[in-house]
Amino acid sequence: MLRHDDESCTVSIDLDVRMPLGLRVHCGERDAAIRMLMARSAGTFVKSSRSCVFDADSRQAAEDLVDAIRKRLFRIACKSVSQRQVEDILGITSRERIRWAKDGRLARSGTSRIKRDTTEISLWTYPCDAIERLAANPAEIRQWREEDEATTSIGLSSNFV
């Protein structure tokens with residue numbers, strides 16, 4: 001991320017590396033944060049290469065930028081994911097998500113509130129690290145589906161039997 005020689009210091013970001021799920025899901029916020037921090041720094045922001053070049057004697061400013069980027073990316077990586085994102089990432093239906101969250105198999109992290117005119121809607125959010133672990137282990141989701149099917153005579157939720 002930080003390279004330096006006798007003439008300059010360069011802070012650059014490689015977005016082609018494998019990133020945590022939170023940074024992939026919240027990529028718009030991630031990219032905006034990187035652009036904003038680089039543009040506001042004391043260096044020369046090179047948008048096309050996602051880098052910022054500093055004079056050799058401005059090494060501390062370059063290190064401060066690296067630190068600020070790391071802190072901001074960590075906060076973004078830890079952000080909760082939405083219901084729709086969970087369904088897309090795990091390849092599950094909304095009914096499965098609701099059922100598994102209600103019985104505790106799918107951890108919830110809190111709620112997000114959306115206000116439309118005078119109506120406020122609360123939506124469950126889910127911890128990014130737990131969703132990432134499940135995405136890496138699809139056998140667990142298959143097992144949950146098998147357990148659900150085995151608990152009812154025709155594979156429907158017990159609410160409908």
I need the minimum non-hydrogen distance between Phe54 and Gly43, along with the two atoms involved. CE2-N, 3.2 Å
Glu120 atom CD, neighbour heavy-atom count above 12 within 6.0 Å: yes
Determine yes or no for a side-chain-to-main-chain donor-acceptor pair under 3.5 angstrom, with His26 supplying the side chain and Ser80 the backbone. yes
Interatomic distance, CD@Glu147 vs CG@Asp103, rounded to 0.5 Å, equals 9.0 Å
Considering residues, nucleotides and ligands other than Arg40, do more than 12 of their heavy atoms fall under 6.0 Å from its CZ? no
With the 4.5 Å side-chain cut-off for hydrophobic clustering, are Met19 and Leu73 part of the same group? yes
With hydrophobic residues grouped by side-chain heavy-atom distances under 4.5 Å, do Val46 and Met36 end up in a single group? no
Could you state whether Ile141 and Tyr126 fall into the same hydrophobic cluster, counting links through intermediate Ile, Leu, Val, Met, Phe, Trp or Tyr residues with side-chain heavy atoms under 4.5 angstrom apart? yes
Leu23 and Leu65: same hydrophobic cluster, using ILVMFWY side-chain contacts below 4.5 Å? yes
List the steps and the verdict of side-chain contact (heavy atoms from CB on, under 4.5 Å) for Ile131 and Leu106. CA-CA 8 Å; Ile131 301 306; Leu106 188 59; 3.8 Å; yes
Considering non-hydrogen atoms only, spot the tightest contact between Ala135 and Pro138 and give its length. O-CD, 3.8 Å
Ile34-Val53 co-clustered via ILVMFWY side chain contacts under 4.5 Å: no
Under a 4.0 Å N-O cut-off, is there an ion pair linking Arg133 with Glu140? no
Between Asp148 and Arg95, does any side-chain N to carboxylate O distance fall below 4.0 Å? no
Taking atom types as modelled and ignoring hydrogens, do the side chains of Thr125 and Ser112 form a donor-acceptor contact shorter than 3.5 angstrom? no
Between the side chains of Thr10 and Ser12, is a donor N or O closer than 3.5 angstrom to an acceptor N or O? no
Which value, rounded to the nearest 0.5 Å, describes the distance between Arg108 atom CZ and Arg97 atom CZ? 9.5 Å
Short question: side chain of Glu87, backbone of Ile92 - any donor-acceptor pair under 3.5 Å? no
From CA spacing to verdict: side-chain contact (heavy atoms from CB on, under 4.5 Å), Trp144, Leu134: CA-CA 11 Å; Trp144 290 355; Leu134 276 172; 3.8 Å; yes
Look up atom CD in Glu96 and atom OG1 in Thr93, then write down how far apart they are to the nearest 0.5 Å. 3.5 Å
Do Phe45 and Arg35 come close enough that some side-chain heavy atom pair is under 4.5 Å? yes
Quick one about Ser122 and Thr111 (side-chain donor to acceptor, distance below 3.5 Å, no hydrogens or angles considered), yes or no? no
Compare every heavy atom of Ala56 with every heavy atom of Cys9, then report the nearest pair and how far apart it is. SG-O, 4.3 Å
Would you mind checking if Glu63 and Arg59 are paired as a salt bridge, meaning a charged N to carboxylate O distance below 4.0 Å? yes
Minimum heavy-atom separation for Asp14 and Asp16, please, with both atom names. OD1-N, 3.0 Å
So CH2 of Trp124 and NZ of Lys102: to nearest 0.5 Å the spacing works out to 10.5 Å
Atom CD in Glu29, atom NZ in Lys79: separation rounded to 0.5 Å? 3.5 Å
Could you state the interatomic distance from CZ (Arg24) to CD1 (Ile76), rounded to the nearest 0.5 Å? 14.5 Å
Counting C-beta onward and ignoring hydrogens, is there a side-chain heavy-atom pair between Met38 and Ile69 closer than 4.5 Å? yes
For side-chain contact (heavy atoms from CB on, under 4.5 Å), just list the numbers for Ser94 and Gln83, CA-CA rounded to whole Å, side-chain angles, deciding distance to a tenth of an Å, and then say yes or no. CA-CA 8 Å; Ser94 60; Gln83 297 172 357; over 6 Å; no
For Ile13 and Leu15, run side-chain contact (heavy atoms from CB on, under 4.5 Å): C-alpha distance rounded to whole Å, both residues' side-chain angles, the deciding distance at 0.1 Å, then the answer. CA-CA 6 Å; Ile13 305 288; Leu15 298 178; 3.5 Å; yes
